[in-house]
Amino acid sequence: MGRTAKDMHTWNKENHREYLSSDPYKKDSVIQQVAEGDWVATRFARTMDYQGDTVKVYLMQFKRFESARLLKYMSIGIICR
């Protein structure tokens, strides 16, 4: 899968695991996941340290796949302290 920026992961399972395990103060918890056709929607909470504070970010991601390749990615989030 192609990257959208030099410093971003390709978002396959292995890269996502590497991303999460690279920082021991970061944890994702999936709240809900729905798939329909070639789209997958995931709602999750990420708890992490940010500038010395522990914050929780609620995110919604929408991904469109074709032949096991990521074609489109959208994400929105809300930060809570």
Side-chain angles (χ1 to χ4, degrees):
M1 291 183 195
R3 297 171 190 252
T4 57
K6 286 184 179 181
D7 60 342
M8 293 188 68
H9 296 275
T10 58
W11 299 112
N12 61 30
K13 277 186 186 180
E14 293 77 25
N15 287 140
H16 193 69
R17 284 187 185 123
E18 178 186 328
Y19 172 74
L20 291 174
S21 64
S22 67
D23 185 348
Y25 303 104
K26 187 178 353 176
K27 181 182 178 207
D28 282 357
S29 300
V30 174
I31 299 166
Q32 184 178 19
Q33 190 168 54
V34 178
E36 184 173 316
D38 54 357
W39 284 93
V40 177
T42 306
R43 184 167 57 113
F44 67 99
R46 174 171 290 156
T47 304
M48 62 185 182
D49 282 352
Y50 178 73
Q51 297 181 346
D53 292 329
T54 299
V55 296
K56 186 174 259 190
V57 181
Y58 292 94
L59 293 135
M60 188 76 188
Q61 293 182 341
F62 302 92
K63 297 176 183 174
R64 181 173 172 245
F65 294 89
E66 184 177 289
S67 301
R69 299 196 74 188
L70 181 63
L71 294 182
K72 191 174 276 192
Y73 170 82
M74 296 174 280
S75 182
I76 56 172
I78 299 172
I79 298 174
C80 303
R81 291 190 185 245

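For the atom pair CD (Gln33) and CD (Gln61), the distance works out to 9.5 Å, reported to the nearest 0.5 Å. For the atom pair CD (Glu66) and CG (Asp38), the distance works out to 7.0 Å, reported to the nearest 0.5 Å. To the nearest 0.5 angstrom, Gln32 atom CD is 9.5 Å from Thr42 atom OG1. Lys63 NZ to Leu71 CG: the interatomic distance, rounded to the nearest 0.5 Å, is 13.0 Å. A distance of 5.0 Å separates NZ of Lys72 from CH2 of Trp39, quoted to the nearest 0.5 Å. Rounding to the nearest 0.5 Å places CD1 of Ile79 at 11.5 Å from CG of Asp53.
The shortest distance between side-chain heavy atoms of Val57 and Tyr50 does not fall below 4.5 Å.
Met74 and Ile76 end up in the same hydrophobic cluster when Ile, Leu, Val, Met, Phe, Trp and Tyr side chains are linked at under 4.5 Å. Val55 and Phe44 fall within the same hydrophobic cluster, defined by Ile, Leu, Val, Met, Phe, Trp and Tyr side-chain heavy atoms under 4.5 Å apart, directly or through other members. One hydrophobic cluster, built from ILVMFWY side chains closer than 4.5 Å, holds both Phe65 and Tyr73.
Considering all non-hydrogen atoms of both residues, Ser75 and Leu59 come closest at OG-CD2, 3.8 Å.
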